[in-house]
Amino acid sequence: MPKLYIRWQLNPQFTPADPKERAKLWLAMLDMVKADLSASVIKDWGMCSDASAGYGFSELSEADLYTALVKWMPYVQFDVKPALNVDQVIASIKKAAAQAK
């Protein structure tokens, strides 16, 4: 099962200047985040304290994750990378060391 690290950043061009409109947009987006968490589209989600960016983790296939992320554009920009857990990293290092002998 893939594990994908998602770094996201709000697109400032699409952030309303009016505080009431901005709050309305952000709350609507957070409702969408909660729905994605409930549906296991993402397993974890967080936002940086400067409110400009954050992270998520997903175990969807790359194609399914793409489908899930398209709904956020153009308001959010994404950088997605495959991630390894600690046991996978240890096994990879041991395998590489064994092959180097």
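- Side-chain contact between Tyr75 and Asn11 is absent, with no heavy atoms from C-beta onward closer than 4.5 Å.
- For the pair Asp64 and Val41, the minimum side-chain heavy-atom distance is 4.5 Å or more.
- Hydrophobic clustering of Ile, Leu, Val, Met, Phe, Trp and Tyr side chains at less than 4.5 Å, counting indirect connections, unites Leu84 with Ile93.
- In this structure, CG on Leu25 lies 11.0 Å from CZ on Phe14, to the nearest 0.5 angstrom.
- The salt bridge (Lys or Arg N to Asp or Glu O under 4.0 Å) check on Lys95 picks up nothing, with sequence neighbours excluded.
- Cluster membership check: Leu60 does not share its hydrophobic cluster with Tyr5, using side-chain heavy-atom separations under 4.5 Å among Ile, Leu, Val, Met, Phe, Trp and Tyr.
- Between atom CE of residue Met47 and atom CG of residue Leu10 there is a gap of 5.0 Å, rounded to the nearest 0.5 Å.
- Taking CH2 from Trp72 and CE from Met29, the interatomic distance works out to 5.0 Å, rounded to the nearest 0.5 Å.
- The pair Lys81-Asp79 meets the salt-bridge criterion, with a side-chain N (NZ, NE, NH1 or NH2) lying under 4.0 Å from an Asp/Glu carboxylate O.
- A donor-acceptor pair under 3.5 Å is formed between the side chain of Thr67 and the backbone N or O of Ala63.
- With respect to the salt-bridge test (charged N to carboxylate O, under 4.0 angstrom), the residues Lys71 and Asp36 qualify.
- Without hydrogens or angle criteria, Ser58 side chain to Leu4 main chain gives no donor-acceptor distance under 3.5 Å.
- Remark: Asn85 pairs with no residue by the side chain to side chain donor-acceptor pair (under 3.5 Å) rule, at least two apart or across chains.
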>> Between Leu27 and Asp31, is the side chain to side chain contact (heavy atoms under 4.5 Å, CB included) condition met? List the steps.
In response: CA-CA 6 Å; Leu27 290 172; Asp31 284 341; 5.6 Å; no

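- Counting heavy-atom neighbours within 6.0 Å of Gln77 CD, excluding the residue itself, gives a total above 12.
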> Is there a side chain to side chain contact (heavy atoms under 4.5 Å, CB included) between Tyr66 and Val80 once you walk through the steps?
Replying inline: CA-CA 10 Å; Tyr66 174 81; Val80 179; over 6 Å; no

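- Transitive grouping of hydrophobic side chains (ILVMFWY, heavy atoms separated by less than 4.5 Å) brings Met32 and Val76 into a common cluster.
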>> Applying side chain to side chain contact (heavy atoms under 4.5 Å, CB included) to Gln9 and Arg7, what does each step give before you reach the verdict?
In response: CA-CA 7 Å; Gln9 185 168 2; Arg7 185 178 188 309; 4.2 Å; yes

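- From Ile42, atom CD1 reaches atom CH2 of Trp8 across 10.0 Å, with rounding to the nearest 0.5 Å.
- A continuous path of ILVMFWY side-chain contacts below 4.5 Å connects Leu37 to Leu65, so both sit in one hydrophobic cluster.
- Defined by atom type and a distance below 3.5 Å, a donor-acceptor pair is present between the side-chain atoms of Tyr55 and Asp44.
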> Does the pair Phe78 and Ile6 meet the rule for a side chain to side chain contact (heavy atoms under 4.5 Å, CB included), with working shown?
Replying inline: CA-CA 7 Å; Phe78 297 97; Ile6 306 159; 3.6 Å; yes

